[in-house]
Each structure stands twice: as C-alpha cells, then as structure tokens.
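Just so it is clear, the values below take in all heavy atoms, side chains as well, and ignore hydrogens, waters and symmetry mates. Every chain is numbered from 1 and lettered A, B, ... according to where its sequence line falls, protein lines coming before strand lines.
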There are 2 protein chains.
Amino acid sequence: MENLDKFDLAILKVLQKDNLTPQRTIGESIGLSAAAVQRRIKRMRETGVISADITVINREKVGRMITLFVEVKMDSEKIELIDQAKNSFRSAPEVQQCYYVTGETDFVLVIVTPSMYDYEQLTRRLFFSNKNIKSFRTIVTLDIVKEGLEIPLDFIM
Amino acid sequence: MENLDKFDLAILKVLQKDNLTPQRTIGESIGLSAAAVQRRIKRMRETGVISADITVINREKVGRMITLFVEVKMDSEKIELIDQAKNSFRSAPEVQQCYYVTGETDFVLVIVTPSMYDYEQLTRRLFFSNKNIKSFRTIVTLDIVKEGLEIPLDFIM
DNA sequence: GGTATTAATGAAACAAAATTGCAAATCAGA
DNA sequence: TCTGATTTGCAATTTTGTTTCATTAATACC
C-alpha cells in the first residue's frame with residue numbers, strides 16, 4: 001500500500017474517468033506543472049497503483065452479447081482446489097470478472113458471451129468438467145445500469 | 001449497433017487491453033497506416049462503440065477498501081419505481097456497477113467502500129430509505145480473482 | 001542552528017505521438 | 001466500365017509526452 005498525497009489522488013481521480021486528459025490540463029487544475037504530473041503518473045504505474053489503462057467498449061454497439069452472473073458453490077474448500085478453480089476462471093476470456101466470496105456461495109463470476117448456446121458450452125468446460133463444483137446458479141442481466149471500475153477516492157482525500 | 005470490419009475489431013482488441021498503445025504500433029500489427037488507425041478510433045468514439053478511456057486503479061494500493069455484492073429484491077416492478085431505483089444506484093459513487101437482472105432478485109450491485117461502517121451507512125441511504133425495496137442480501141468478497149471490462153471479441157471475428 | 005543529502009519542482013528543450021490536408025487508391029452500385 | 005463516395009498513405013503540422021538541468025524545499029545528521 002503506497003502512500004499517496006493529495007496531488008496523486010487528484011490525478012487518479014481525473015484519470016479513472018478519462019485517461020486521455022492531457023497532463024498539462026491536469027496540472028493546471030491541481031496546481032502542478034505538466035512535468036510533475038507526468039512523473040507522478042509514471043511512479044504510480046511503476047508501483048502498481050495504476051494497474052492498467054484501457055478502452056471501454058459499448059457491448060451493444062459491437063454485436064449481441066449476453067451478460068450473466070454466476071454464483072458457484074464448491075464441494076471442498078481445500079486451498080489447492082480453490083486455486084485451481086481460480087486459475088480456470090481467470091483464463092477463460094468469457095469470464096470478465098471473478099470474485100472469491102464469503103457465505104453460501106464461493107465464487108461470483110461475471111460472464112459475457114455472444115449467446116445462450118455459447119454460455120451452455122462454457123458451463124460444460126468451466127463447471128461440469130470440474131468435479132469440485134457442487135452447484136452454480138445463473139442470473140441473466142437485462143440491463144447494465146452502471147458499469148465501471150471506479151474507486152471512490154473522495155473517502156480517502 | 002455499428003458494423004465494424006476486421007480492422008476495427010483488431011484495434012478494439014488492442015485498446016481494451018492497453019489504450020496507451022501508439023497508433024503506429026497498432027497500425028503495423030494490423031497492416032494499416034497510423035493515420036487510418038487514428039481515423040477509425042475517432043469514428044468509434046463518435047459512434048459510441050468506444051464509451052470511455054480509463055485508468056484502472058489497484059484498490060489494495062490506495063487504501064483499505066471493501067468490495068461487496070448486493071442482491072436487491074423489489075416489492076413492486078412498476079417501471080417508475082424501477083427507474084427511480086436505477087437512478088439512485090447510478091448516482092451513488094460507492095456503487096461501482098449495477099445490473100438489472102431476471103429471476104429471484106431484481107438488481108445486482110457491486111459496491112466499494114472503505115469500511116463496513118461506511119457500507120452500513122450506505123445501506124440506510126440506498127436501501128432502507130426506499131420503501132419499494134423488499135430485501136437485500138450482501139456478499140462480501142475475499143479476493144478479486146479477475147477484474148476488467150473486456151469483451152471477448154474473438155467470437156465476433 | 002547549521003550543513004549535507006535527498007527528493008521534488010518548473011521551465012525549456014527535445015522526442016514522440018496524434019491530427020490534418022491532400023492526392024491516389026479502393027470500393028459499391030449503376 | 002463508369003461514377004461517386006469512401007478510405008487510404010504520405011507528409012506537414014500540431015499537440016502531447018518525456019527528459020534535462022538548475023533551483024527549491026524538505027529531511028536527516030552533526
């Protein structure tokens with residue numbers, strides 16, 4: 001956990017909304033030179049505070065896509081089996097997000113596929129082929145009300 | 001829904017992994033000039049195929065943060081009440097993602113807060129104050145196995 | 001308190017990338 | 001095959017990012 005000052009947090013706040021904002025513009029808004037902003041961004045990349053810079057694609061515009069939530073329950077909680085499941089989920093391109101969670105279920109997955117048929121095929125590869133998966137529950141999304149990976153930085157500042 | 005050719009899709013495939021990739025580099029890898037790549041990106045921004053360009057922050061590095069899933073059940077499915085709920089979820093900065101879904105539950109939320117206390121406060125504002133929310137179930141995440149907003153474009157190509 | 005050391009800064013020079021103008025090539029439909 | 005519209009590459013231009021360097025601020029150590 002890095003210690004970030006108010007400038008770093010202000011920079012992050014801008015970038016997580018639009019990382020194409022010129023450093024000069026950011027500098028002006030927070031009272032730093034463009035060079036200073038550039039160095040801070042560079043450092044945050046090196047220290048892993050910034051983990052990626054990505055383009056977000058509008059699903060609806062590229063083709064029909066289905067978004068699903070899947071709650072997965074495991075039989076055994078043995079660490080090797082859990083890790084093995086994590087790896088299999090992580091390496092599937094259809095699995096957009098994967099969370100290991102507490103309570104009734106062990107994993108929550110966000111899955112994006114072109115069709116229900118593709119999802120059915122995926123469940124065979126991902127779930128039915130894994131002996132340690134007890135059950136899974138699929139939730140179909142009708143509407144993406146809000147999407148993003150933003151972190152509420154205001155609470156830290 | 002825009003119709004995108006193989007070049008557009010190839011560009012998107014690169015950008016959704018790293019949108020800081022120089023257009024010249026993209027051009028070389030797909031057999032186009034940098035200018036052509038730039039024009040295509042511009043068009044995809046204008047048509048909304050590209051909805052955002054963002055920096056992804058590593059939660060662990062900026063401070064203690066808790067990630068939660070919340071399944072929300074509504075009393076009435078009246079469209080005005082649903083829309084009103086959507087708006088309240090959308091406008092809360094702690095709500096990172098919000099999906100309107102089928103089945104038992106009506107909404108699935110991904111929530112990021114600094115502490116359980118903050119989450120408890122949020123539930124008052126977001127859930128208990130809304131008469132139309134029948135119940136909600138909170139799932140605490142232990143580990144983010146995979147995070148992202150990537151869309152599997154290989155299935156389209 | 002004074003001094004050495006380190007780290008961070010801004011301004012300017014520099015490099016690299018994005019953007020634009022324009023002529024040529026490509027493509028789709030008559 | 002012709003025509004009009006679209007897309008392309010190249011080169012010029014503009015904008016942005018990066019590095020250099022001297023200065024300042026902060027910190028630690030006598």
Do the side chains of D106(B) and K134(B) get close enough for a salt bridge, i.e. N-O under 4.0 angstrom? no
Between K131(B) and D75(B), is the closest basic N to carboxylate O distance under 4.0 Å? no
For D5(A) and dT9(C), give me the distance from atom CG to atom C1', rounded to whole Å. 13 Å
N-O pairing of E46(B) and R40(B) below 4.0 Å: no
Is any side-chain N of the basic residue among D53(B) and R45(B) closer than 4.0 Å to the acidic one's carboxylate O? yes
Distance check needed: dA28(C) P versus N3(B) CG, whole Å only. 12 Å
What is the separation between atom CD1 on I26(A) and atom P on dG10(C), rounded to the nearest whole Å? 14 Å
Whole-Å distance, L32(B) CG to dT26(C) P, equals 13 Å
Of residues 46-54 of chain B, the positions that come close to DNA chain C - non-hydrogen atoms, cut-off under 4.0 Å: none
Would you classify R40(B) as touching base, sugar-phosphate or nothing, given that sugar-phosphate means primed atoms plus P, OP1 and OP2, and contacts are heavy atoms under 4.0 Å? sugar-phosphate
Can a salt bridge be assigned to the pair E94(B) and R125(B) using a cut-off of 4.0 Å between side-chain N and carboxylate O? yes
Check this for me: does any side-chain nitrogen of one of R137(A) and E104(B) sit under 4.0 Å from a carboxylate oxygen of the other? no
Worked check of ring pair (Phe, Tyr, Trp, His ring centres under 6.0 Å) between F128(B) and F136(B): CA-CA 10 Å; F128(B) 289 113; F136(B) 64 96; 5.5 Å; yes
Angle between ring planes, Y100(A) versus F107(A), binned at 30° and 60°: parallel, tilted or perpendicular? tilted
In this structure, how many angstroms lie between the P atom of dA5(D) and the CZ atom of R43(B), rounded? 18 Å
Which parts of nucleotides 15-21 of chain C does protein reach within less than 4.0 Å, heavy atoms only, written one letter per nucleotide 5' to 3' as B for base, S for sugar-phosphate only and - for none? --SSSBB
Would you mind reading off the distance between L4(A) atom CG and dA8(C) atom P, rounded to a whole angstrom? 13 Å
Using atom CZ of F7(A) as one end and atom P of dT9(C) as the other, report the distance to the nearest whole Å. 7 Å
Count the heavy atoms belonging to other residues, nucleotides or ligands that lie under 6.0 Å from CG of N3(B), then report whether that count exceeds 12. no
Using whole Å, what does the distance between atom C1' of nucleotide dT9(C) and atom NZ of K6(A) come to? 14 Å
